[in-house]
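The next block holds one structure in the form of structure tokens; read it before the comments.
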Amino acid sequence: MSIRSATPDDAATVLELLHQLAAFEGGCVTAQVQDLAHALAQGRLCALLTEQDGKAVGLLTLLPSFSSWRGQECAVIHDLFVVPEQRGSGLGGALVRAAMDMAPEKGWTRLDVNVLDWNHQAQGFYRRFGLAPLTDWRIWRIEGEALEKPRHL
């Protein structure tokens, strides 16, 4: 097993693993290979791949961010996926540890993660690494047509 940073050339592999994650979570991926390749090339997306026998079996994506209050860079663990046949083998934990290890070299002083409220297994998994839920904050979102034509007060 090896873990490495994804490059723009890995965009198709990243996309395939994202499709598998979306199927598990009941979501829909609309990104295209070129979208991910561009984001990886520009540093707007960081991704770690874990490979076994030359095949990608795990993915962790990170979105670089910035804390205006702290004046420091940080990142969000956005996706974590391990193929079903490899779950329980420690690959997910190895990916999270690799992200935590790369934080200082990237200058990230904080890592956040969004976890679905029904995914208690993931919540327990992240707790083992010292992550804790922020009980006072909720993610709010506007997208699609609502963003294109916002209401005016």
With the side chain counted from C-beta on, respond yes when [X] and [Y] share a heavy-atom pair under 4.5 Å apart, and no when they do not.
X: Leu111; Y: Val76; result: no
X: Asp79; Y: Leu60; result: no
X: Asp112; Y: Ile77; result: no
X: Gln72; Y: Phe66; result: no
X: Thr61; Y: Leu59; result: yes
X: Trp108; Y: Met102; result: yes
X: Arg110; Y: Glu73; result: no
X: Pro64; Y: Lys106; result: no

- Item | Derivation and outcome, side chain to side chain contact (heavy atoms under 4.5 Å, CB included), residues Gln34 and Leu36 | CA-CA 5 Å; Gln34 63 270 21; Leu36 298 178; over 6 Å; no

When you look at Leu17 and Val83, which way does the side chain to side chain contact (heavy atoms under 4.5 Å, CB included) test go after all the steps?
-> CA-CA 8 Å; Leu17 291 169; Val83 296; 4.1 Å; yes

Query raised in the report: Cluster partners of Trp137, using ILVMFWY side-chain heavy atoms under 4.5 angstrom, listed by chain and number?
Result: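 ILVMFWY cluster around Trp137 also holds Leu134.
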
Which atoms form the tightest heavy-atom contact between [X] and [Y], and what is the distance?
X: Val82; Y: Gly92; value: CG2-N, 3.7 Å
X: Gln32; Y: Asp35; value: N-OD2, 2.8 Å
X: Leu80; Y: Leu21; value: O-CD1, 4.0 Å
X: Ala22; Y: Val29; value: CB-CG2, 3.6 Å
X: Gly90; Y: Arg97; value: O-NH2, 4.3 Å
X: Ile3; Y: Ala98; value: CG2-CB, 4.1 Å

Excluding sequence neighbours, so at least two apart, what forms salt bridge (charged side-chain N to carboxylate O under 4.0 Å, His left out) with Arg127?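 If we apply the salt bridge (charged side-chain N to carboxylate O under 4.0 Å, His left out) test to Arg127, skipping adjacent residues, there are no hits.
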
CA sep, side-chain torsions, deciding dist, call: Tyr126, Val115, side chain to side chain contact (heavy atoms under 4.5 Å, CB included): CA-CA 9 Å; Tyr126 287 115; Val115 181; 3.7 Å; yes

Report the distance from atom [atom1] of [X] to atom [atom2] of [Y], rounding to the nearest 0.5 Å.
X: Ile142; Y: Glu148; atom1: CD1; atom2: CD; result: 10.0 Å
X: Arg44; Y: Ser65; atom1: CZ; atom2: OG; result: 14.0 Å
X: Met1; Y: Leu95; atom1: CE; atom2: CG; result: 8.0 Å
X: Arg128; Y: Gln123; atom1: CZ; atom2: CD; result: 12.0 Å
X: Met100; Y: Phe129; atom1: CE; atom2: CZ; result: 7.5 Å

Taking Leu116's backbone N and O only, do any of them form a donor-acceptor pair with Asn119's side chain (distance below 3.5 Å, no angle check)?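 No.
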
Quick check against the 3.5 Å criterion: does Thr109 have a side-chain atom that pairs as donor or acceptor with the backbone of Cys74?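 Between the backbone of Cys74 and the side chain of Thr109 there is no qualifying donor-acceptor contact (under 3.5 Å).
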
Practice problem: Could you walk me through whether Leu48 and Ser5 pass the side chain to side chain contact (heavy atoms under 4.5 Å, CB included) test, one step at a time? | Solution: CA-CA 5 Å; Leu48 297 174; Ser5 292; 3.8 Å; yes

Note: Arg4-Glu51 ion pair, threshold 4.0 Å (strictly below):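 Salt bridge: yes.
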
- Answer yes or no for Arg87 and Phe24: cation-pi contact, defined as NZ/CZ to six-membered ring centre under 6.0 Å and angle to ring axis within 45°.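 Yes, a cation-pi geometry holds between Arg87 and Phe24.
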
* **Short side-chain donor-acceptor distance under 3.5 Å, Thr13 and Asp10** =>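 Short answer, no.
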
If you count the non-hydrogen atoms of other residues, nucleotides and ligands that lie under 6.0 Å from CD in Glu85, is the total more than 12?
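Yes, enclosed.
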
### Message
Counting neighbours of CD on Glu145 that are heavy atoms of other residues, nucleotides or ligands and sit closer than 6.0 Å, is the number greater than 12?
### Response
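Atom CD in Glu145 is not crowded, with 12 or fewer foreign heavy atoms closer than 6.0 Å.
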
